[in-house]
Structures are given as structure tokens and as C-alpha cells.
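One structure is given below, encoded as C-alpha cells.
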Amino acid sequence: MRYMLLAGTVLAAGVASLRAQDVGLAVGTRAPAVAVEDLDGKSVDLGQYIGRQPVVLEFWATWCPLCKALEPSLKAAHARWGRTVRFVAIGVGVNQSPASIKRHLAQHPLPFPVLYDASGAAVRAYEAPTTSYVVVVNKAGTVTYTGTGDEQDIAAALQRIASD
């Protein structure tokens, strides 16, 4: 019985740490340059941001409760670092469209651009395991943080690269 309780605790700790960080694309790898679309259907190459300045990418959906819960942390980080760090939300192409994203943003605006991954190319390139997936990329274009869920410490992830 004690072994089962310990195994359950270790498993729960492993799941919690997986949610917190180091999921999806491996930390230390070069961030991929991949094309997505703006909400008007024009192609946007994420490579234009990579290697020029730090970048925060959030794989996001209008229907995602974890994304909604993470929003205050992202907005606060944007308010603090938005002049030197590029923030981009990437709307996944599951159960939403550019039109539904525009309607959502009219009611719940974000202070940074929202793009749309119609083909799933960015989801695949960044190995996004779920929505609320955040990738922080330093100025050199290297992934320094990945995480999912509503309790990510975006400020700490950005503080680590602020001196880069």
C-alpha cells in the first residue's frame, strides 16, 4: 500500500513538472522559422523575429481555459518587457478560424499580435503538445524555456534572458 502511494506521488510530481516546463521542443535548440498567417490570411514568417530579439510564442485558442488563465501573466510580462521582447500568440487551427479569433479579440483584446496556424506547420515545428504552450526564445534564436498550463512563470523565464 505504501509503495502504491509513493508511486502515485512520484507520478503526480512527474506530471506536474511536465506541465511546468521542458515540454515540446527541446530547450537549447534553434527555434524553427515557419510560416503562419495573420488574421487576414497573409503569410507571416516567424523567422523574421528569431535571432533578432527575444521572442515569446504562445500556442493559443479562444476556447482554451488554460490560455485564459495564463493571460494575466502574459499581459504583465508584455507590459514589463514588450519594448524589447516580441510577444506573439499563435492561434491553433482546431475548432476556430480567423473570423472566430477576430470576434473573440474584439471582446477580449490582447496587447500583442495573434497569428493563425491554418496548416498546423507551427504546431508541428514547435512540437506543441497542447494549447497554453509557451516557448521563450533568446536573442540568439535559441529556445530557453517551454511550458504548458496556467501556472507558468513567464516573468522568471524572461528574467533569465533579460541580460542577453
Side-chain angles (χ1 to χ4, degrees), residues 18-64 66-68 70-71 73-102 104-105 108-150 152-164:
L18 177 66
R19 277 191 64 216
Q21 62 183 356
D22 297 335
V23 297
L25 195 63
V27 169
T29 61
R30 175 106 178 133
V34 62
V36 292
E37 298 174 358
D38 68 15
L39 296 179
D40 294 321
K42 295 178 186 149
S43 183
V44 176
D45 181 2
L46 293 179
Q48 70 183 310
Y49 309 126
I50 306 301
R52 289 174 174 69
Q53 68 184 111
V55 178
V56 173
L57 300 173
E58 180 194 17
F59 288 80
W60 174 91
T62 59
W63 44 261
C64 171
L66 295 176
C67 300
K68 182 69 175 163
L70 185 60
E71 195 173 294
S73 295
L74 284 166
K75 285 181 173 179
H78 182 266
R80 182 169 178 188
W81 286 288
R83 289 190 193 106
T84 58
V85 175
R86 170 70 68 168
F87 286 73
V88 179
I90 300 173
V92 299
V94 177
N95 293 330
Q96 62 182 1
S97 65
S100 66
I101 292 171
K102 285 180 181 181
H104 178 85
L105 292 174
H108 310 282
L110 291 175
F112 41 84
V114 177
L115 302 174
Y116 184 63
D117 188 20
S119 70
V123 165
R124 287 187 301 278
Y126 281 86
E127 301 176 23
T130 185
T131 52
S132 80
Y133 175 57
V134 172
V135 179
V136 176
V137 180
N138 68 14
K139 185 177 181 179
T142 302
V143 174
T144 61
Y145 170 89
T146 62
T148 64
D150 59 340
Q152 298 179 67
D153 193 346
I154 306 302
L158 289 172
Q159 189 66 45
R160 285 192 295 266
I161 65 168
S163 62
D164 287 353

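If you read the sequence from its start, that first residue is 1, and numbering goes on from there.
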Where do Ser73 and Leu70 land on the side-chain contact (heavy atoms from CB on, under 4.5 Å) test, with the steps shown first? CA-CA 6 Å; Ser73 295; Leu70 185 60; 4.2 Å; yes

Among residues two or more places apart or on two chains, list those pairs meeting side chain to side chain donor-acceptor pair (under 3.5 Å) that have a residue in residues 113-127. none

Using the side chain to side chain contact (heavy atoms under 4.5 Å, CB included) criterion, which residues pair with Ala77? Sequence neighbours excluded. Trp81, Phe87, Ile154, Leu158

Apply the test side-chain contact (heavy atoms from CB on, under 4.5 Å) to residues Val134 and Val56: give CA-CA distance (whole Å), side-chain angles for both, the deciding distance (0.1 Å), then the verdict. CA-CA 7 Å; Val134 172; Val56 173; 4.0 Å; yes

Within the structure provided, determine whether Tyr133 and Leu25 are in side-chain contact (heavy-atom separation under 4.5 Å). yes

Not counting sequence neighbours, list each pair that qualifies as a salt bridge (charged side-chain N to carboxylate O under 4.0 Å, His left out) and has a residue in residues 30-39. none

For Ala61 and Cys67 the tightest heavy-atom approach is N-SG, 3.8 Å

One pair to check against side-chain contact (heavy atoms from CB on, under 4.5 Å): Lys102 and Asp40. What are the steps and the verdict? CA-CA 10 Å; Lys102 285 180 181 181; Asp40 294 321; 2.7 Å; yes

Please list, chain by chain and in numerical order, all residues satisfying side chain to side chain contact (heavy atoms under 4.5 Å, CB included) with Ser100, sequence neighbours excluded. Gln96, Ser97, Arg103

Any side-chain heavy-atom pair of Leu110 and Leu105 under 4.5 Å: yes

For Pro111, enumerate each residue passing the side chain to side chain contact (heavy atoms under 4.5 Å, CB included) test, keeping only those at least two apart in sequence or located in another chain. Lys75, His78

List the atom pairs, donor and acceptor, that lie under 3.5 Å between side-chain atoms in residues 46-54 and the rest of the protein, sequence neighbours left out.
unit_1 : atom_1 : unit_2 : atom_2 : d
Gln48  : NE2    : Asp45  : O      : 3.3
Arg52  : NH1    : Gly47  : O      : 3.4
Gln53  : NE2    : Thr84  : O      : 3.3

So do the side chains of Arg160 and Asn138 get within less than 4.5 Å of each other, counting heavy atoms only? no

